[in-house]
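Note that this is a predicted model, so its numbers are computed, not measured. Each chain gets a letter, A, B and so on, in the order its sequence line appears, and its residues count up from 1.
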Protein chains: 2
Amino acid sequence: MRILLVEDDPMVADGIREGLEKAGFAVDHTAAAEPAESALALTHYDLAIVDIGLPRMDGHELIRRLRRRAIEVPILILTARDGLDDRVIGLDLGADDYMVKPFHLPELLARLRALIRRSRSATTSELSAGSLRLDLARRTASSRGAPLELTGREWEILQQLMLATPNVVDKQKTVESLSEWDKELTTNAVEIYISRLRTKLQGCGVEIRTIRGIGYRLDEILLA
Amino acid sequence: MRILLVEDDPMVADGIREGLEKAGFAVDHTAAAEPAESALALTHYDLAIVDIGLPRMDGHELIRRLRRRAIEVPILILTARDGLDDRVIGLDLGADDYMVKPFHLPELLARLRALIRRSRSATTSELSAGSLRLDLARRTASSRGAPLELTGREWEILQQLMLATPNVVDKQKTVESLSEWDKELTTNAVEIYISRLRTKLQGCGVEIRTIRGIGYRLDEILLA
DNA sequence: TGGACGCTTACATTTGCCTGACAGTGGCGG
DNA sequence: CCGCCACTGTCAGGCAAATGTAAGCGTCCA
């Protein structure tokens with residue numbers, strides 16, 4: 001997991017870098033947009049974190065130029081508290097998510113992981129969480145090398161959960177996505193598959209949590 | 001991953017459908033705009049693929065009507081080779097991407113995935129006060145990176161308070177917003193949830209102030 | 001100081017979720 | 001064509017969390 005951090009404030013940059021490295025990411029850092037552009041053009045990064053307020057060429061301009069050159073790396077932008085417009089503009093230009101400064105590191109980490117996961121599903125059609133791996137194209141799942149036998153429904157629901165993490169999957173939407181055109185389905189059906197999935201997912205370093213009245217969320221289990 | 005395909009040519013439709021299903025998408029198909037509109041209004045789709053040249057109501061009209069009804073599903077339009085204007089008009093009306101016929105399936109798949117990814121990640125909306133953060137889309141609350149477990153009612157009330165700060169939230173209005181259509185509720189219920197929220201919000205740099213006879217107000221605590 | 005309002009604890013009720021048992025369905029091999 | 005699967009989804013009992021009522025106490029203000 002390699003990340004490029006584009007941030008001109010040395011204090012902030014060091015803080016973020018340290019946190020990311022502790023979490024197991026490899027971090028490269030530039031203080032300005034121009035070297036960032038070359039770095040992204042030359043090497044592969046799994047993600048770029050871009051501060052909007054940069055000297056000379058600002059973050060927006062950087063994003064615009066990258067996208068124009070069809071560099072598809074996922075981008076997370078950092079904005080000041082009151083920069084509502086910054087976020088909107090940034091997302092329009094092709095950024096994928098944003099964080100408002102000051103922020104807490106665990107939240108940043110969660111978002112990074114989510115972004116990387118999604119971008120992988122867009123290109124390689126593989127997803128992973130804990131020791132669990134899904135191959136969307138082949139429709140297979142495995143954990144620690146051992147294949148998991150999943151039925152059609154189980155697969156469908158697990159896929160939704162994996163694509164959404166760490167967000168909540170709405171139970172009602174899940175019901176609809178399982179339903180065919182007119183056929184109605186009780187929410188209980190979903191509960192059943194969740195139940196069956198839970199037993200199959202034991203030992204996969206992953207847990208399906210119930211959000212009462214809303215739906216379910218897939219969490220990675222952090223080892224003690 | 002559920003996709004609605006709106007395409008009147010049966011040959012083309014079958015080809016696309018087959019390719020999408022092989023890639024793991026669930027595909028529903030309509031040959032005209034009217035049933036597509038109802039389908040999109042009734043159920044959740046992750047994406048809609050709309051052919052511009054449809055009998056009776058054309059694709060542009062469909063998109064216009066959908067967006068007018070605030071149906072936010074990502075839309076990819078299919079246009080004929082020479083329909084340059086079609087693309088421009090379509091994108092202006094609120095489509096998210098286009099493909100020119102004839103096209104290669106892998107490219108279509110790549111674009112679909114990119115669109116779905118974008119629509120998922122760009123929908124964050126959050127509120128913050130003190131060290132407290134609410135993510136309205138995810139329905140989660142956190143403080144300093146640590147998630148807060150909130151029940152439905154607690155969430156509802158906290159959200160009202162956060163949206164209102166620094167203004168006062170009228171207690172009577174809160175009662176009404178919690179009450180179902182006919183069900184009466186005592187103001188005491190609100191007091192209970194305020195009480196429970198207060199204990200959960202300790203250490204979040206935030207305080208719920210009582211305005212006697214009126215309601216409550218959320219204040220940030222200024223550190224000494 | 002009294003009364004209205006608000007806070008909090010205890011508890012009963014309601015709601016939503018989990019899961020075992022079982023029936024319907026369709027594919028497949030004999 | 002039949003029986004054997006695997007898969008799907010309904011039902012119903014049990015359970016736990018969430019909700020809201022009642023009641024006792026604290027607090028504010030006239």
Side-chain angles (χ1 to χ4, degrees), chain A residues 139-141 147-161 168-202 206-219, chain B residues 2 21 24 26 43 139-141 147-161 164 168-202 206-219:
Chain A
R139 203 186 166 84
T140 56
L148 277 180
E149 300 289 343
L150 296 178
T151 71
R153 294 303 206 210
E154 287 165 1
W155 168 267
E156 197 70 25
I157 290 176
L158 182 56
Q159 182 186 339
Q160 287 192 20
L161 286 167
V168 178
V169 173
D170 186 272
K171 193 197 259 184
Q172 203 52 47
K173 289 203 176 138
T174 304
V175 170
E176 286 168 13
S177 80
L178 293 185
S179 305
E180 291 303 318
W181 275 102
D182 38 15
K183 202 172 184 180
E184 289 293 320
L185 212 54
T186 62
T187 60
N188 187 293
V190 174
E191 288 156 20
I192 294 232
Y193 289 110
I194 292 291
S195 170
R196 289 174 186 161
L197 268 177
R198 277 182 177 142
T199 70
K200 289 195 181 181
L201 292 183
Q202 270 168 14
V206 131
E207 183 190 13
I208 301 177
R209 296 193 61 184
T210 303
I211 315 299
R212 220 184 145 80
I214 307 290
Y216 300 91
R217 184 182 60 212
L218 190 80
D219 286 355
Chain B
R2 201 164 176 203
E21 285 178 346
T43 29
R139 215 207 86 117
T140 56
L148 279 181
E149 301 288 345
L150 296 178
T151 71
R153 293 295 201 229
E154 287 164 1
W155 167 263
E156 201 74 23
I157 290 176
L158 181 56
Q159 185 182 332
Q160 285 190 22
L161 285 167
V168 178
V169 173
D170 186 272
K171 192 197 265 184
Q172 205 51 47
K173 291 221 172 111
T174 304
V175 171
E176 286 165 16
S177 80
L178 292 187
S179 305
E180 293 301 320
W181 294 343
D182 40 14
K183 206 173 184 178
E184 292 291 321
L185 211 56
T186 61
T187 61
N188 185 294
V190 174
E191 288 155 18
I192 293 205
Y193 288 110
I194 292 292
S195 167
R196 289 177 186 158
L197 269 177
R198 278 180 176 144
T199 71
K200 288 194 181 181
L201 292 183
Q202 271 167 15
V206 131
E207 186 188 12
I208 300 177
R209 279 256 165 79
T210 304
I211 314 299
R212 233 181 134 77
I214 309 288
Y216 300 91
R217 184 184 62 210
L218 191 78
D219 287 355

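Considering CZ of B:Arg139 and CG of A:Asp170, their distance stands at 11.0 Å, rounded to 0.5 Å. Here the straight-line distance linking atom CZ of B:Arg2 with atom OG1 of A:Thr174 works out to 11.5 Å at 0.5 Å rounding.
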Next item on the list: List the steps, then state whether side chain to side chain contact (heavy atoms under 4.5 Å, CB included) holds for A:Leu148 with A:Leu201.
Entry: CA-CA 9 Å; A:Leu148 277 180; A:Leu201 292 183; 3.9 Å; yes

Note to self: Using the rule given for side chain to side chain contact (heavy atoms under 4.5 Å, CB included), can you reason through A:Ile157 versus A:Leu178, listing the C-alpha separation, both sets of side-chain angles and the distance that settles it, and then say yes or no?
What the structure shows: CA-CA 9 Å; A:Ile157 290 176; A:Leu178 293 185; 4.0 Å; yes

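One atom, CH2 of A:Trp155, and another, C1' of D:dC7, lie 17 Å apart when rounded to the nearest Å. Rounded to whole Å, the distance from CD on B:Glu191 to C1' on D:dC28 is 14 Å.
Each of B:Arg198, B:Lys171, B:Glu191 was compared with B:Thr210 under the side chain to side chain donor-acceptor pair (under 3.5 Å) criterion, and only B:Arg198 meets it.
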Margin query: Output one letter per nucleotide in nucleotides 16-21 of chain D: B when a protein non-hydrogen atom lies under 4.0 Å from the base, S when only the sugar-phosphate is that close, - when neither is.
Written below: -BSBBB

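Scored by the side-chain hydrogen bond (donor to acceptor under 3.5 Å, both in side chains) test, A:Arg217 finds A:Asp219 as partners (sequence neighbours excluded).
Counting heavy atoms from C-beta outward, A:Leu158 and A:Ile208 have side chains that stay 4.5 Å or more apart. For the pair A:Val169 and A:Ile211, the minimum side-chain heavy-atom distance is 4.5 Å or more.
Protein chain B contacts DNA chain C from C:dA4 to C:dT9, reading 5' to 3' and using non-hydrogen atoms of the protein with a distance under 4.0 Å.
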